[in-house]
Amino acid sequence: MKDFYGVHLDTPFMLGTAQYPSPAILAEAFTRSKASVATVSLRREASDNKAGQDFWQLIKQLNVRVLPNTAGCHTVKEAVTTAHMAREIFGTKWIKLEVIGEEDTLQPDVFGLVEAAKILSEDGFQVFPYTTEDLVVADKLVNAGCRVLMPWGAPIGSGMGLNNVFGLRALRSHFPDIPLVVDAGLGLPSQATQAMELGIDAILLNTAVSKAGDPAMMAEAFALAIRAGQLAVGADPMEPRDMASPSTPIFGKAFLD
Amino acid sequence: MIPQWNKSQTVTVIGAGVAGLCVATELLQRGITPQIIEAQTEPGPASCSWWAGGMLSPLCEAESAEEAVTRYGKKAAAWWQSHTGLVKQNGSLVVALKRDHSDLNRFAKRTQDYELMDSAAIAALEPDLSGPFTQGLFYKSEAHLAPREALTALKNNLLKQGVKFVYCAAQPETIAEHSLVVDCRGINAKNDTRGLRGVKGEMLILRCPDLAIQRPIRLLHPRIPLYIVPRGDGVYMLGATMIESSAKTHASVRSVMELLNAAYALNPAFGEAEILEIGVDSRPAFNDNLPKIRHRGHIITANGLYRHGFLLAPSLAIMVANYIHTGTKPEWFESV
């Protein structure tokens, strides 16, 4: 598995911490997911004082690496300010960069994203940009200093899976050395397997687990599915072909009469 | 009865929010006349329950809450009706805009005992919601009440029956050990209650005489789930945000804007409403968002009602009073 800014992760699973029925269920979901990374969004207001401390304590107790994000930011300035606050609070250079361009689809404003990625990279941040599968945007993000790319599968929280398999495949072959994380849009474990089979390096999701009827069970389902995809790639799958190829050799069959 | 208490001892309840008032009421029913210590002379904005929605909707809560919330919550409406007479049994309605119908399906899947409504049925039930809503869920057995009036009614009942209120701020440890203390301070007990955290909520009270909504309405939305509870006389309570923070101040522009946006989506007449109050407080909650009763020495704590104050306080109070009276450890008892 590729490193993420020099950090080796035990599992290619990053799990969000929002919208669980309770902190207790959140903690159980993390245990069963074996996720290596927790994404945490920062409410700017909560950073003013100690008011949000309890939740941070809870996240720390998960014993996973924290990837703070700039969820809900609509402008470059907002995202940069939030990133700075996150660096102070969590003591990490990692930042999942979101610059939202449209309220209904929550799709990234890729122009603002590139701009913010450049500012933050020059400032020493290690940026995980939430982007579309667009190749040209990805190239500009890499030029801006990003060494991880996080293309969406589908709009955040939609559960539609991989909407542009071709685009993801193209991204994979153009950036063989950059770790790719499919971030957003997954609803089912099989979609995570599919992404891993495409050669994606890790999966980031939240809603599919937190809004399931049994979040902890779904977390484990995703863990197994991600592992399945990872193993499949490592096992070097067979090439599909048009005609049948007998799996039982006829040659050598016993004559019974 | 519990070994730490005998009938000659006084019982002191600290806190006269919804938890403390319910506990005192249940103690009285068992022949125990408690005294109450409370910092405020009247029910008011310093207590979290002042800002409650007042929905008694155990069925809807099943969407995200533990099963016990629904099971005990079902007892709430009858309790409040018998002690205050303020319960309105008009059911509650859940709607979503067309593009969010998958949220409505999800809600239906997680809950029970509802009627599926089409636009005609919605319009017949709530004429002010006809138009944008083509599907809804009607929970006929649910109810609501005006929480501020209910707090005042409970307090007046207690006063009438000889319960003494002492108005000062108190810590449970400072009460002499010959009195059994029930600590119902809610989020104010955060510093000496292990695992208690605050979940901030912001809410609005609007006057909109153009509308005549009869029952709590939940509008499902991926970003801003909203509920509106009618308070009578064209007054509505709009709530509520859920933010992991123990801050009790600072209603943010974004939260207020989102709540108002959602209200406007429900009916554009809310655009003309008068904003009466902007409220903000922090709900006391434990990690599993369920209440807990703990007992150490002469102090019993009853806390963690989260956003289910009016829904679960009666059951919490019954458990505390039974525990003191009979010594039986209740479901929400946690050994320390």
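By convention in this document, chain letters (A, B, ...) are assigned in the order of the sequence lines, proteins followed by strands, and residues within each chain are numbered from 1.
The parts of B:Arg197 that come within reach of chain A are both its backbone and its side chain, each placing non-hydrogen atoms under 4.5 angstrom from that chain. Heavy atoms closer than 4.5 Å to chain B are found nowhere in A:Ala18, neither backbone nor side chain. No part of B:Lys109 comes within reach of chain A, as not one of its non-hydrogen atoms sits under 4.5 angstrom from that chain. Within the 4.5 angstrom heavy-atom criterion, no atom of B:Leu290 approaches chain A. Only the side chain of A:Gln19 comes within contact range of chain B, judged by heavy atoms closer than 4.5 Å. Heavy-atom distances place no part of A:Leu26 under 4.5 Å from chain B, backbone and side chain included.
Chain A forms the most heavy-atom pairs under 4.5 Å with one residue out of B:Asn289, B:Leu196, B:Val199, and that residue is B:Asn289. Heavy-atom pairs under 4.5 Å with chain B were tallied for A:Ala27, A:Gly159, A:Gly213; the largest tally goes to A:Gly213. If you tally non-hydrogen atom pairs under 4.5 Å between each of B:Glu66, B:Arg99, B:Arg106 and chain A, the highest count goes to B:Arg106.
Nearest heavy-atom pair across B:Ser64 and A:Pro21 is O-CB, 3.2 Å.
Taking OG1 of A:Thr17 as the start and CD of B:Glu244 as the end, the distance is 9.5 Å to the nearest 0.5 Å. Put simply, OG on A:Ser22 and OH on B:Tyr306 are 8.0 Å apart, with the number rounded to the nearest 0.5 Å. Here the straight-line distance linking atom CD of B:Glu63 with atom NZ of A:Lys211 works out to 5.5 Å at 0.5 Å rounding. With rounding to the nearest 0.5 Å, the separation of CG in B:Asn287 from CD in A:Gln61 is 7.5 Å.
A 6.0 Å sphere centred on CD of B:Glu67 holds more than 12 heavy atoms belonging to other residues, nucleotides or ligands. The local environment of NZ in B:Lys75 is sparse, with at most 12 non-hydrogen atoms from other residues, nucleotides or ligands closer than 6.0 Å. In this structure, B:Lys329 places its NZ atom where only 12 or fewer heavy-atom neighbours from other residues, nucleotides or ligands lie under 6.0 Å away. Other residues, nucleotides and ligands contribute at most 12 non-hydrogen atoms within 6.0 Å of the CE atom of A:Met217. Atom CZ of B:Arg110 is surrounded by more than 12 heavy atoms from other residues, nucleotides or ligands within 6.0 Å.
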Residues 50-60 of chain B, side-chain donor-acceptor partners within the protein, below 3.5 Å, at least two apart:
{"residue": "B:Trp51", "atom": "NE1", "partner": "B:Pro45", "partner atom": "O", "Å": "3.1"}
{"residue": "B:Ser57", "atom": "OG", "partner": "B:Arg218", "partner atom": "NH2", "Å": "2.7"}

